[in-house]
Amino acid sequence: MSDTEDTWKTLFGQMGGEYHPPRLVLFRGAVDSACGLASSAVGPFYCSADSHVYLDRSFFEALAQRFGAPGEFARAYVIAHEIGHHVQKQLGITEKVGQQRARAGETRSNAVSVRIELQADCFAGIWGHFAR
Ligand SMILES: [Zn+2]
């Protein structure tokens with residue numbers, strides 16, 4: 001988490017901006033967020049309403065055991081993806097996308113959701129590049 005802060009603080013600084021890191025909430029079972037009550041079934045998530053990254057501890061156990069992705073990088077990448085959603089919020093992308101989705105039909109709205117996830121993956125990749 002702090003490694004993502006180093007990376008994004010540097011990159012935002014290079015753009016003449018300032019990066020404000022999100023808060024991290026670790027939970028097990030269920031958690032109450034500004035985005036509503038969430039169970040472990042949801043997995044890790046970012047809530048733009050409170051700028052918190054919520055990480056379910058049992059997800060990381062499942063990542064290692066069920067999905068065959070043990071190791072630090074797999075866990076770090078999951079965190080970096082959620083941080084990517086925070087970066088989207090800081091860049092104003094989340095707000096723009098929310099307005100687009102409100103006007104769009106279901107098919108278009110789903111397509112936008114997929115793109116937002118791919119961009120969060122891209123931002124995680126940017127972190128991975130600089131973390132290396
Ligand atoms: Zn995501």
Side-chain angles (χ1 to χ4, degrees):
M1 175 95 177
S2 70
D3 202 282
T4 65
E5 288 173 20
D6 295 343
T7 297
W8 289 112
K9 274 182 182 168
T10 301
L11 294 175
F12 271 71
Q14 286 171 1
M15 295 187 298
E18 197 181 334
Y19 178 68
H20 304 282
R23 296 270 308 271
L24 174 67
V25 179
L26 296 171
F27 73 99
R28 190 182 286 274
V31 68
D32 196 13
S33 78
C35 296
L37 193 67
S39 74
S40 291
V42 172
F45 68 98
Y46 173 71
C47 174
S48 65
D50 60 15
S51 296
H52 288 20
V53 169
Y54 292 88
L55 296 177
D56 171 18
R57 290 172 186 272
S58 60
F59 177 82
F60 292 101
E61 292 155 16
L63 192 66
Q65 292 158 12
R66 228 181 308 148
F67 304 118
E72 291 252 304
F73 190 78
R75 289 194 295 270
Y77 191 84
V78 167
I79 294 168
H81 173 94
E82 299 309 328
I83 298 296
H85 287 304
H86 181 67
V87 171
Q88 289 171 330
K89 183 186 176 184
Q90 295 246 301
L91 294 174
I93 295 165
T94 306
E95 195 184 334
K96 273 187 199 159
V97 165
Q99 290 164 357
Q100 263 186 32
R101 289 184 68 190
R103 288 191 308 264
E106 192 181 335
T107 305
R108 175 75 187 142
S109 183
N110 288 342
V112 169
S113 286
V114 169
R115 289 193 173 109
I116 230 37
E117 291 306 320
L118 291 173
Q119 187 180 54
D121 272 344
C122 177
F123 288 167
I126 290 170
W127 162 79
H129 170 78
F130 287 100
R132 208 167 55 105

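Model, not experiment: these values are computed from the prediction. Indexing begins at 1, ligand by ligand and atom by atom, following the structure's order. In what follows, residues are counted from 1 in the order of the sequence shown.
Within the 3.5 Å criterion, the main-chain N or O of Asp121 finds a donor-acceptor partner in the side chain of Tyr77. Side-chain atoms of Gln100 never come within 3.5 Å of backbone atoms of Val112 as a donor-acceptor pair (strictly under, hydrogens ignored).
Ring planes of His86 and Tyr46: perpendicular class, angle over 60° (limits at 30 and 60°). Using bins of under 30°, 30° to 60° and over 60° for the plane-to-plane angle, the ring pair Phe73/Trp127 lands in the parallel bin.
Taking backbone and side-chain atoms together, Glu82 has no N/O/S atom less than 2.8 Å away from the Zn ion (ligand 1).
An angle of 100° is found at the Zn ion (ligand 1) between His81 atom NE2 and His85 atom NE2, rounded to 10°.
The N, O or S atom of Glu117 lying closest to the Zn ion (ligand 1) is OE1.
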